[in-house]
Number of protein chains: 2
Amino acid sequence: MSSFDLQRYLPYLLNRAAIRITEAFQRELRKDDLSVVMWRVLAVLWHDGAMRLGALAEATSIEVSTLSRLITTMQARMLVSRTRCTDDARAVEVDLTAEGRAIAERIVPMALHYESMALADMSAADGDALRRLLTRLYGNLSDLPPPDASAGT
Amino acid sequence: MSSFDLQRYLPYLLNRAAIRITEAFQRELRKDDLSVVMWRVLAVLWHDGAMRLGALAEATSIEVSTLSRLITTMQARMLVSRTRCTDDARAVEVDLTAEGRAIAERIVPMALHYESMALADMSAADGDALRRLLTRLYGNLSDLPPPDASAGT
DNA sequence: TATTGTTATACTCTATAACTATA
DNA sequence: TATAGTTATAGAGTATAACAATA
């Protein structure tokens, strides 16, 4: 079967691990009636502070249009606020409300607990290596040529 | 902000990388009118041969009910076949058709090309380390306790 | 004219559960 | 009674594009 080995195929390994870690955490988040994407929004805002919708979409890997509607939902639930920017009236700034911040802070310990369970028997050095390699991979992926740049047909 | 660093948070790094590598490859697959999940099915069947629906769901990380309908679609497009098992009449075995196999084999070089671009400047050793760590992580995630096992409330 | 964000449409995937047919 | 798979429903997310407001 030529040289293709699924067990060594990076996108397969990556997706499989990402799906599984998401499923596990999702079950916990559901207790707070939060989705994984909502948690990503809370985590990013908590970590980096208020930011524009576009920047938030980039940081969370959520489509702008999806995020816009998600923020509407989260706003209705008093988790985040939307404020029109003073310097650029086209843009809006999204920030945590006090309630959103409180929930984010309550979830963090659980998130860290899940992470430590996932890393289980790995040494701290292996965990660091994994983080470093994933970060580098992500950087490389940003440099991939656009859709048709290499299409010879 | 306590000890939580998003840039070191494994599920975040993992999801971010998985989403980005998927997006890039998706654009290529679309030329064959294939979705990423269809490609996962083709790749698994091509690599491991015919298998039951349940095993295929496990290997591809796709929900059984979702997969059942997906297989119906792929069957209509002559990519896979469904055969009732002889030894257990409840089960069905899914296999590639000749056409499905041909498409899988045509996509493999592209998939490998994408992988090598993603790994870009990484050494072979780093690539191997990443694969090994992801595999180990996935194994650990399988051992995570079920939803409420550790719920003290 | 380009950018930032919102809204609308149709489609796909997920979660859940009811259902069929076997075992 | 349990298992393998199918089907149905509602909800969430995605892709695409049209749109409004502002730069």
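Just so it is clear: chains get the letters A, B, ... in the order the sequence lines come, proteins before strands, and each one is counted from 1.
Atom pair B/Leu56:CG and D/dA4:P shows a separation of 15 Å (rounding to whole Å applied). When the P atom of D/dA4 is taken as reference, atom CE of B/Met51 falls 15 Å away, rounded to whole Å. We find that CZ of B/Phe25 is positioned 20 Å from P of D/dT14, with the value rounded to whole Å. Put simply, CG on A/Leu67 is 11 Å from P on D/dG13, counting in whole angstrom units. Distance, B/Arg82 CZ to D/dA4 P: 16 Å, rounded to whole Å.
Applying the side-chain contact (heavy atoms from CB on, under 4.5 Å) rule to A/Ile19 yields the partners A/Glu23, B/Arg40, B/Ser61; only residues at least two apart in sequence or on another chain are considered. With sequence neighbours left out, the salt bridge (Lys or Arg N to Asp or Glu O under 4.0 Å) criterion links A/Glu58 to B/Arg20. With sequence neighbours excluded, no residue forms a salt bridge (Lys or Arg N to Asp or Glu O under 4.0 Å) with B/Arg16. Contacts of B/Asp32 classified as salt bridge (Lys or Arg N to Asp or Glu O under 4.0 Å), with partners at least two apart in sequence or in another chain: B/Arg106.
When each of B/Thr72 and A/Arg40 is assigned the nucleotide of DNA chain D with its nearest heavy atom, B/Thr72 is the one assigned upstream, toward the 5' end.
Backbone-only engagement by B/Val92 is indicated by non-hydrogen atom pairs under 4.0 Å involving sugar-phosphate atoms exclusively.
Looking at heavy atoms from C-beta onward, A/Met122 lies in side-chain contact with B/Asn140 at the 4.5 angstrom threshold.
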Under 4.0 Å protein heavy-atom contacts per nucleotide of nucleotides 13-23 of chain C, with B for base, S for backbone only and - for none
SBSB----BBS
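Each salt bridge (Lys or Arg N to Asp or Glu O under 4.0 Å) pair with one or both residues in residues 78-87 of chain A, not counting sequence neighbours, appears once here: A/Arg52-A/Asp87.
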